[in-house]
Amino acid sequence: MTEFRRRVLSAVRRIPAGRVATYGDIAALAGKPRASRAVGNIMRNCREPGVPCHRVIAAGGLLGGYGGNLQIKRELLRAEGVEVGMGRVRGFERARWRPTPVRDNRRGSGRSRPPTAGRGSSRG
DNA sequence: CCGTTGACGTCGG
DNA sequence: ACCGACGCCAACG
């Protein structure tokens, strides 16, 4: 059990029913906004009880994957009130879990983009 | 919107 | 310990 791992599981557990979160969000909550992949891996072997890995979807509201049982994932979400379309969540932005509701005075900004380091750095 | 690219972290053989 | 695969994401052209 690594620090990252437990953080991810913890973040997923924090996802309330009727809402969804993306791998990137979970990864970010875990402290690694770039470890979205790792989150997927952790979810894959999601054997931990109480971890609603079905509430974790891909970016853009895409269901993502569920060991090929996307059907199950879809039903689970729908059972919680999350409308799911053709492999995509309806009102994804609405159902997107907001651990930090940016209900600040200013609007439009506030979302700091991660320093996508590497882009054009050393390739090959 | 599509294809390509760079990066993190974990699992399985 | 090494390598490939993965339920991915953001950015560029």
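The analysis underlying the following values was restricted to heavy atoms, covering all of them including side chains, and did not include hydrogens, waters or symmetry mates. Throughout, protein chains are lettered first and strands after them, A, B, ... in sequence-line order, and every chain is numbered starting at 1.
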**Report entry** A:R5 vs B:dC11: side-chain N/O to OP1/OP2 distance below 4.0 Å
**Finding:** yes
**Report entry** Value rounded to 0.5 Å, distance of CD1 in A:I42 from CZ in A:R7
**Finding:** 12.0 Å
Report summary line: To the nearest angstrom, the CE-P distance between A:M1 and B:dG9 comes to 17 Å
Query raised in the report: Any side-chain N or O of A:R37 under 4.0 Å from OP1/OP2 of B:dG9?
Result: no
Query raised in the report: Got a donor-acceptor pair under 3.5 Å from the side chain of A:N41 to the base of C:dC6?
Result: yes
Query raised in the report: A:A35 has a side chain; which of C:dC8, B:dG9, B:dT10 sits nearest to it?
Result: B:dG9
Query - Selected nucleotide, minimal atom distance to A:A38 side chain, candidates B:dG9, C:dC9, C:dC6 - result: B:dG9
Requested in this report: Return the value, rounded to whole Å, for the distance between atom CE of A:M43 and atom P of C:dG7.
Outcome: 13 Å
Report task. Could you state the atom-to-atom distance from CZ of A:R6 to P of B:dG9 in whole Å? Result -> 17 Å
Query raised in the report: Can you check whether A:R5 reaches A:E48 side chain to side chain, under 4.5 Å on heavy atoms?
Result: yes
Requested in this report: Hey, which sits more toward the 5' end of DNA chain B by its nearest nucleotide, A:R44 or A:S36?
Outcome: A:S36
Query raised in the report: Could you give the CG-to-P distance, from A:L63 to C:dC8, as a whole number of Å?
Result: 13 Å
Query raised in the report: Rounding to a whole Å, what distance do you find between A:F92:CZ and C:dC9:C1'?
Result: 12 Å
Query raised in the report: Across all strands, who's sitting opposite B:dT5 as a Watson-Crick or G-U wobble pair, both distances under 3.5 Å?
Result: C:dA10
Query raised in the report: At under 4.0 Å between heavy atoms, what does A:Y23 touch on the DNA or RNA strands: base, sugar-phosphate, or nothing?
Result: base
Requested in this report: To the nearest Å, give me how far apart CD1 (A:I42) and C1' (C:dA5) are.
Outcome: 16 Å
Query - Among C:dG7, B:dG9, B:dT10, the one nearest A:K32 by side-chain distance - result: B:dG9
Query raised in the report: Expressed in angstrom and rounded to an integer, what is the separation of A:L62 atom CG from C:dA10 atom P?
Result: 11 Å
Query - Euclidean distance, atom CZ of residue A:F4 to atom C1' of C:dC8 [Å, nearest integer] - result: 12 Å
Query raised in the report: For the side chain of A:V56, counting heavy atoms from C-beta on, which of C:dC8, C:dG7, B:dT10 is nearest?
Result: C:dG7
Query raised in the report: Where the side chain of A:R19 meets the backbone of A:V82, is there a donor-acceptor pair that is under 3.5 Å apart?
Result: no
Report task. State whether A:T22 places a side-chain N or O below 4.0 Å from either non-bridging phosphate oxygen (OP1 or OP2) of C:dC8. Result -> no
Report task. Choose from B:dT10, C:dC6, B:dC11 the nucleotide whose nearest atom is closest to any side-chain atom of A:N45. Result -> B:dC11
Query - Side-chain donor-acceptor contact under 3.5 Å, A:E80 with A:H54 - result: yes
Report summary line: Rounded to the nearest 0.5 angstrom, the CG-CZ distance for A:L76 and A:R78 is 11.5 Å
